[in-house]
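Throughout, a chain's letter reflects where its sequence line sits, starting with A, and its residues are numbered from 1.
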There are 2 protein chains.
Amino acid sequence: MKQVKIPEATIGRLSFYSRFLTKLENDGIETVSSGEIAKGIAGNSAQVRKDFAYFGGFGKRGVGYNVADLNRNIKEILGLNREWKAVIVGMGNLGRALAYYHGFAARGFRIIGLFDNNPSKKGEKINNLEIQDASELENFLEKNPVDIAILTLPGETVQFVVDRVVKKGVKGILNFAPVVVFTEKDVQVRNVDLSVNLEILSYNLNSK
Amino acid sequence: MKQVKIPEATIGRLSFYSRFLTKLENDGIETVSSGEIAKGIAGNSAQVRKDFAYFGGFGKRGVGYNVADLNRNIKEILGLNREWKAVIVGMGNLGRALAYYHGFAARGFRIIGLFDNNPSKKGEKINNLEIQDASELENFLEKNPVDIAILTLPGETVQFVVDRVVKKGVKGILNFAPVVVFTEKDVQVRNVDLSVNLEILSYNLNSK
DNA sequence: ACATGTGAACTGCTTCACAGCG
DNA sequence: CGCTGTGAAGCAGTTCACATGT
């Protein structure tokens, strides 16, 4: 295996593969072929094999892949063999929904702090975590190192909060507001945009 | 202008451009260059021009683009010059958050029905809409034609609901569960996956 | 003079097709 | 024989660089 650049699209698919494999594991299935994986995630078998080949290949020719092994390898590649600590800033409806969302914990992301700048929300409990006032953010991050900040904030306030959490060592940002975030380049930013997807739907529906 | 295939990536960017232009319109700015747009959405000016060129080009050489004109054109391309009617099925935390989300209405997507199969939620009001029992879904869709179904459901139930709404004429699906949806090909499906983005963050943070 | 519009070059990702191996 | 692993081909999207138009 030579060390080449991994397409970001491949990383995204690894995440799908892993969840599909977890389902297979739960069903007690031990072996799976690239074709079956492709069917499970609506992809193409050559692509599945190529994706794995970037990391050296995990299969047996003529047989397929061992489900548990493969899943363990993928999780390790994705960095899911450790726990990632995250905070959510902005406890509006979306922030709350994410605080309750089980999918994160199931994949190793632990939410350890919730913040909002509205004093009337302070102390409210969500999933055994108390909402803290946004002014506590720096203080909290100093005592509790955090890897990722999930920002469910109005667009105007996002950059301000990004600067604050980055200064306290946060290295990953998951931003839900439709604004561009600027940071040092060693900080990873991912944007989730709810409207874009509806607008692509709109375009596709319209041009039929 | 010749009719060529438009990259899906271009459509996604049009959505960003439009929101950036709306901001400029609100600030009373009348003219903008491809370079300024590029800065606003963290892109590249050649790409901005190429994106517009797919649709014939909207600018004046030596000057730039008229903000209001350009935005109107983009919205028309995206199909946002009409109202799209949508329902949300699955009123868990995420479904509720989306029901409250203002961003949809601001872009012409009107939520006209909320459904859940938990009888205890029936009648509860969110944003002036009553949650209806899932058994009412077909009945409602017959009386109220709907373009898009937003599905915030557990993965296991998604396909069942997709089949039901598609049978009643829904042509667009926005699915938030990490499962593959199968439909006739004239139905558009978009998937929003919250965990994938965290896992890509995890990968990128891990490989530093 | 200046910013658009665009062919051409480039880069990156996907699909093909088959050699290699269990 | 079957399914993986992989070079090579093919395709799609991005960036370059400049001719074009105002």
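With hydrogens and angles ignored, a donor-acceptor pair under 3.5 angstrom links the side chain of A:K50 to the base of D:dG7. The base of D:dG5 does not come close enough to the side chain of A:R61 for any donor and acceptor atom to sit less than 3.5 Å apart.
Atom CZ of B:F52 and atom P of D:dT15 are 15 Å apart (whole Å). When the C1' atom of C:dT4 is taken as reference, atom CD1 of B:I37 falls 11 Å away, rounded to whole Å. Rounded to whole Å, atom P of C:dC2 lies 15 Å from atom CZ of B:R49. If you take CG of B:D69 and P of C:dT4, they are 15 Å apart, rounded to a whole angstrom. Remark: P of D:dG7 and OH of A:Y54 are 12 Å apart, rounded to the nearest angstrom. The interatomic distance linking B:I6 (CD1) with D:dC11 (P) rounds to 19 Å, in whole Å. Straight-line distance from the CD atom of A:E36 to the C1' atom of D:dG2: 12 Å, rounded to whole Å. The distance between atom CD of B:Q47 and atom P of C:dG7, rounded to the nearest whole Å, is 18 Å.
The residues B:K23 and B:E25 are annotated as not salt-bridged, no charged nitrogen and carboxylate oxygen being separated by less than 4.0 angstrom. Using a cutoff of 4.0 Å between basic side-chain nitrogens and carboxylate oxygens, A:D186 and A:K171 are scored as salt-bridged.
Listed nucleotides C:dC13, D:dC16, D:dT14 differ in distance to B:A46; the shortest reach to its side chain belongs to D:dC16. Closest to the side chain of A:N44, out of D:dT14, C:dT4, C:dT15, is C:dT15.
An OP1 or OP2 oxygen of D:dC3 is reached within less than 4.0 angstrom by no side-chain nitrogen or oxygen of A:S34. Phosphate proximity of D:dT14 to B:R13: present, with a side-chain N or O under 4.0 Å from OP1 or OP2.
Judged by distance alone, with hydrogens and angles left aside, the side-chain atoms of B:T152 form a donor-acceptor pair with the main-chain N or O of B:G90 at under 3.5 Å. At distances below 3.5 Å, at least one donor-acceptor pair connects side-chain atoms of A:K121 with backbone N or O atoms of A:M91.
In this structure, A:Y65 reaches the sugar-phosphate backbone alone: every heavy-atom distance under 4.0 Å involves primed, P, OP1 or OP2 atoms, never a base.
Between A:D51 and A:V63, it is A:D51 whose nearest contact on DNA chain C lies nearer the 5' terminus.
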> Can A:K60 and A:D69 be said to form a salt bridge (charged side-chain N to carboxylate O under 4.0 Å, His left out), step by step?
Replying inline: CA-CA 12 Å; A:K60 271 200 184 53; A:D69 271 8; over 6 Å; no

